[in-house]
Trainee: 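Could you have a look at this structure, given as structure tokens, before my questions?
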Protein chains: 2
Amino acid sequence: MKKIFLIVLDGLGDRPNIELQGRTALQAAYKPNLNRLVKEGQAGIMHPVSPGSRTGSDTSHLSLLGYDPAKYYTGRGPFEAMGLGMTVLGGDIAFRANFGAVDANGVVTDRRAGRITSGTDKLADVLSFSVDGIDFFVKAGVEHRAALVMRGKGLSDRITDSDPHEPGLKVREVKPLDEKGKFTADVLNKYLSMARKKLTDHPVNTERIREGKEPANELLIRGAGQAPTLTPFSELFGMKAACISGIPMITGICRLVGMDSIAVKGATGRLDSDFRAKFEAAYKTLNDYDFLIMNVKATDIAGHDGNPIAKRDAIQRIDTAMKDIDKILQDTVVCITGDHSTPCAMKDHSGDPLPILFSTGGIRKDRAKLFDEISCTEGTYNINSGDVMKILLQLSDRAEKYGA
Amino acid sequence: MKKIFLIVLDGLGDRPNIELQGRTALQAAYKPNLNRLVKEGQAGIMHPVSPGSRTGSDTSHLSLLGYDPAKYYTGRGPFEAMGLGMTVLGGDIAFRANFGAVDANGVVTDRRAGRITSGTDKLADVLSFSVDGIDFFVKAGVEHRAALVMRGKGLSDRITDSDPHEPGLKVREVKPLDEKGKFTADVLNKYLSMARKKLTDHPVNTERIREGKEPANELLIRGAGQAPTLTPFSELFGMKAACISGIPMITGICRLVGMDSIAVKGATGRLDSDFRAKFEAAYKTLNDYDFLIMNVKATDIAGHDGNPIAKRDAIQRIDTAMKDIDKILQDTVVCITGDHSTPCAMKDHSGDPLPILFSTGGIRKDRAKLFDEISCTEGTYNINSGDVMKILLQLSDRAEKYGA
């Protein structure tokens with residue numbers, strides 16, 4: 001049985017760029033190592049979730065790891081909370097939240113508290129406490145953004161938002177959508193009322209009012225979602241698994257399925273990340289684990305920035321950083337792909353398919369010679385992301401026989 | 001409407017072989033007839049069941065014939081019984097069985113009765129009888145192996161094994177797993193008690209004891225499975241269908257769906273099979289039938305043996321044997337593929353996809369030119385085995401229009 005190293009170059013897929021003479025970032029990049037892996041292995045086209053699906057990183061990573069998002073993606077709440085680096089456990093109820101400004105009558109005057117830029121971490125600090133046996137956790141994000149996580153027995157996400165979604169309206173009482181949501185709505189309303197008091201009295205807000213700014217005196221919550229209870233990856237696939245990721249949300253998903261998260265010094269989840277350090281850490285990790293998923297975020301960032309030169313250069317630096325990958329190739333199945341396309345021309349995720357490569361000792365070599373969106377159509381596969389784990393299991397000689 | 005000839009070269013797919021300078025057996029084989037069929041037809045890549053699935057011959061043949069194994073594969077019992085050449089009907093309960101040795105206290109001393117090599121056929125002969133309206137059939141296999149089939153009304157596979165799975169333990173009473181299994185467990189316990197007496201008194205065993213060998217005095221049964229009740233192939237597809245197969249299990253599956261089985265003199269299901277005789281029999285059979293599936297086992301045997309030279313040579317001899325296939329091509333859709341890959345380097349089934357070709361008069365000709373795992377990626381299809389029957393129906397002008 002071999003080990004498995006799944007490398008996800010985030011937002012890898014591209015569309016033609018004028019700045020690159022009509023080529024995608026991958027086509028334009030000098031990438032001898034990626035090309036060699038294709039030449040000495042198999043390639044193909046992979047659709048995130050299914051052909052044409054325009055996926056987020058959350059849904060596509062779930063799918064790549066073998067968890068069908070149609071079954072397990074329970075809305076943005078839990079995944080946004082993970083994205084802020086919060087621990088989310090199966091069964092937790094999580095919400096996207098805003099720090100908003102509310103007047104004396106409970107009417108929202110600004111859903112973003114004057115686009116507050118600092119102090120929300122201090123506000124969040126006083127909002128993590130327990131009510132009626134339920135633990136509440138709040139973490140601040142960028143500007144007015146935050147997330148709320150509820151943990152305890154008997155919780156349900158069948159409840160309404162407190163956020164009225166428009167200024168000039170009163171903060172809403174949370175209501176149950178069915179019998180199961182009743183307890184959650186009750187304890188949440190109690191919590192929000194206590195939180196309101198703590199926020200109103202908080203020095204950050206007395207200071208803001210003194211400065212003539214909108215106070216951040218209400219935690220407006222929306223999009224309740226219950227974190228799915230997922231069969232641990234180790235149980236599902238019989239492998240001891242780890243992740244290396246600079247993106248909290250991806251790390252959160254991997255931890256939700258029971259993987260260990262390996263920290264890498266110099267890995268930032270940004271364009272300046274130390275890719276070499278990530279690969280070196282990966283090779284070391286593979287000594288102790290059967291399965292490693294490594295996410296590299298830089299390609300996605302350049303895509304969102306609409307910067308094809310930066311995207312091409314990031315690919316080139318990633319390629320250089322993996323130059324020693326041959327040393328693990330005999331006994332490891334290496335798979336490289338992305339989670340979705342982030343075309344520079346679009347500055348956002350698209351539903352375009354992605355190239356995918358598989359390489360290991362003794363593998364069939366197919367016709368594909370270069371690692372890009374077009375050349376990989378000459379390869380073996382035309383698959384959905386949900387097929388990847390099964391192919392990895394069979395290439396690593398770990399697949400159970402189905403029948404006799 | 002055309003006729004259909006589906007040729008399954010068992011375990012056809014391969015991985016690179018050192019002995020063949022890094023080529024698969026198919027790549028290395030001289031196979032002008034297979035190549036001509038590709039050149040004058042369509043080709044592609046087929047995944048048994050789904051991408052990455054590592055299938056047995058049972059599940060993949062069910063799938064190829066249009067019966068989804070996720071719905072109809074009910075465990076190894078019925079398929080192992082078919083594999084011994086037993087008749088298995090929909091609703092029958094079948095078991096894998098061992099002839100084991102048991103002491104006076106009912107404790108298993110050897111689950112394989114000293115790896116008994118002869119006489120089990122004679123033991124099996126006395127074990128086929130009826131109890132309480134239920135017919136029992138036993139057939140001996142290789143060494144200590146056998147299968148048991150129960151036929152009658154009100155049977156269920158919701159019962160436990162009598163085999164304790166380890167020596168030193170008592171033979172277990174069969175117990176129902178739910179209310180439905182109660183009658184089956186009762187009648188089976190009665191049967192096993194009667195069988196025990198017949199085995200103990202059998203001359204084969206008195207002789208073995210005299211020789212100081214372990215007696216084969218207990219039929220240890222495990223893995224109860226109820227044979228699926230399948231819509232007959234003729235009803236499902238409106239075709240009179242036959243099979244030519246040297247492998248009892250494949251013949252059994254074909255009979256289970258109501259096909260006639262055509263015996264061919266010289267067809268052995270081994271490497272020395274008379275392929276020419278099989279093809280001649282096939283052409284004759286196609287005069288009387290609309291659909292013929294023919295399994296050739298030799299490729300799989302060479303794969304399991306880890307012998308790429310033998311696999312290449314088997315392909316070459318099969319190719320030579322089909323040299324007259326053009327004479328049926330105008331009015332018959334010929335499809336050639338495998339049921340799964342059996343790479344010589346692995347000596348077992350893998351989940352690698354297979355090449356597939358379709359040829360007939362008037363068919364579109366695509367880019368693929370050679371019949372092998374790599375060249376066929378240039379063709380039209382990238383499909384799962386469950387798609388094959390639909391493609392065959394449409395190419396033979398037999399498909400119902402879906403819509404108007």
Side-chain angles (χ1 to χ4, degrees), chain A residues 1-2 4 6 38-47 50-51 63-64 66 68 237-238 330 333 335 337 353 356 358-369 375-404, chain B residues 13-18 22-24 26-27 44-45 47-63 69-70 73-77 79-80 82-83 96 223 249 253 339-341 343 345-346 348-353 355 367 372-378 381-384:
Chain A
M1 286 198 299
K2 295 181 177 189
I4 296 172
L6 171 58
V38 169
K39 218 174 296 173
E40 296 180 358
Q42 297 178 344
I45 288 298
M46 183 197 72
H47 304 274
S50 61
S63 173
L64 271 172
D68 181 359
F237 299 112
Q330 194 56 35
V333 179
C335 173
T337 185
I356 187 165
F358 299 91
S359 197
T360 189
I363 197 173
R364 281 188 201 162
K365 301 175 201 340
D366 62 28
R367 290 271 160 89
K369 294 283 173 286
S375 303
C376 284
T377 61
E378 292 184 278
T380 303
Y381 298 103
N382 196 318
I383 53 176
N384 295 334
S385 48
D387 299 318
V388 171
M389 277 307 304
K390 267 172 81 179
I391 293 171
L392 287 173
L393 288 176
Q394 94 83 7
L395 287 174
S396 62
D397 304 327
R398 289 173 179 274
E400 296 271 345
K401 201 187 280 183
Y402 177 40
Chain B
D14 204 5
R15 288 180 182 173
N17 296 293
I18 296 166
R23 291 170 298 173
T24 66
L26 255 179
Q27 287 180 306
I45 288 296
H47 303 276
V49 181
S50 62
S53 290
R54 186 175 163 238
T55 59
S57 287
D58 40 16
T59 48
S60 56
H61 273 82
L62 279 173
S63 174
Y73 184 68
T74 51
R76 290 180 64 172
F79 295 90
E80 297 264 334
M82 291 180 220
R96 302 167 72 193
M249 187 176 67
I253 290 175
D339 54 347
H340 54 75
S341 291
M346 200 169 153
D348 202 348
H349 303 190
S350 77
D352 295 293
R367 291 266 164 91
D372 64 56
E373 296 87 342
I374 309 307
S375 303
C376 285
T377 63
E378 292 185 278
Y381 299 102
N382 197 316
I383 53 176
N384 295 335

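Letters go in sequence order (proteins before strands), and every chain restarts at 1.
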Trainee: Could you look at R76(B) and say if it's the side chain, the backbone, both or neither that has a heavy atom under 4.5 Å from chain A?
Mentor: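 For R76(B), the contact with chain A is made by the side chain alone.
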
Trainee: Need one label for L395(A): side chain, backbone, both or neither, based on atoms under 4.5 Å from any heavy atom in chain B.
Mentor: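 Both backbone and side chain.
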
Trainee: With sequence neighbours excluded, what pairs up with H47(A) under the ring pair (Phe, Tyr, Trp, His ring centres under 6.0 Å) test?
Mentor: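 None.
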
Trainee: Drop me the distance from S350(B)'s OG to R364(A)'s CZ, to the nearest 0.5 angstrom.
Mentor: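 Atom-to-atom, S350(B):OG and R364(A):CZ are 6.5 Å apart.
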
Trainee: Counting only heavy atoms closer than 4.5 Å, note whether N382(B) contacts chain A via side chain, backbone, both or neither.
Mentor: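 Contact with chain A involves the side chain of N382(B) alone.
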
Trainee: Using non-hydrogen atoms and a 4.5 Å limit, figure out which bit of P343(B) sits close to chain A: side chain, backbone, both or neither.
Mentor: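 Nothing of P343(B), per the 4.5 Å heavy-atom cut-off to chain A.
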
Trainee: Looking only at heavy atoms, which two atoms of R15(B) and D397(A) are closest? And how far apart?
Mentor: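 So the two residues come closest at NH1-OD1, 3.5 Å.
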
Trainee: With only heavy atoms counted, which part of S341(B) is less than 4.5 Å from chain A, the side chain, the backbone, both or neither?
Mentor: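 For S341(B), the contact with chain A is made by the side chain alone.
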
Trainee: In Å, rounded to the nearest 0.5 Å, how long is the span from OG of S375(B) to CZ of R367(A)?
Mentor: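 CZ of R367(A) is found 4.0 Å from OG of S375(B).
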
Trainee: Contact between K390(A) and P51(B) at the side-chain level, heavy atoms closer than 4.5 Å - yes or no?
Mentor: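 They are not in contact (no side-chain heavy atoms under 4.5 Å apart), so the answer is no.
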
Trainee: Check each atom of Q27(B) against the heavy atoms of chain A and say whether the ones under 4.5 Å are side chain, backbone, both or neither.
Mentor: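 Q27(B) has no heavy atom closer than 4.5 Å to chain A.
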
Trainee: Which one of T24(B), I18(B), D58(B) has the most heavy-atom pairs closer than 4.5 Å to chain A?
Mentor: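 Sorted descending by pairs with chain A, the first entry is D58(B).
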
Trainee: With rounding to the nearest 0.5 Å, note down the distance linking OG in S50(B) to CD1 in I391(A).
Mentor: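 So the OG of S50(B) and the CD1 of I391(A) are separated by 9.0 Å.
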
Trainee: What is the distance from atom CG of D387(A) to atom CG of N384(B), rounded to the nearest 0.5 Å?
Mentor: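 Atom-to-atom, D387(A):CG and N384(B):CG are 8.0 Å apart.
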
Trainee: Quick one: pull up CD in E373(B) and CD in Q42(A) and give me the separation to the nearest 0.5 Å.
Mentor: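 Rounded to the nearest 0.5 Å, the CD-CD separation comes to 10.5 Å.
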
Trainee: What's the separation between atom CG in D352(B) and atom OG1 in T380(A), rounded to the nearest 0.5 Å?
Mentor: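 Here the interatomic distance stands at 9.0 Å.
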
Trainee: Is a side-chain N or O of R54(B) found less than 3.5 angstrom from the main chain of L393(A), in a donor-acceptor match?
Mentor: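 Answer holds: no.
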
Trainee: Which atom names give the shortest non-hydrogen contact between G362(A) and P16(B), and what distance separates them?
Mentor: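 Closest approach of G362(A) to P16(B), heavy atoms only: O-CD, 3.4 Å.
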
Trainee: Tell me, which pairs form a ring pair (Phe, Tyr, Trp, His ring centres under 6.0 Å) where one or both residues lie in residues 380-404 of chain A, sequence neighbours left out?
Mentor: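 Applying ring pair (Phe, Tyr, Trp, His ring centres under 6.0 Å) to every pair that reaches into residues 380-404 of chain A, excluding sequence neighbours, yields F358(A)-Y381(A), Y402(A)-Y73(B).
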
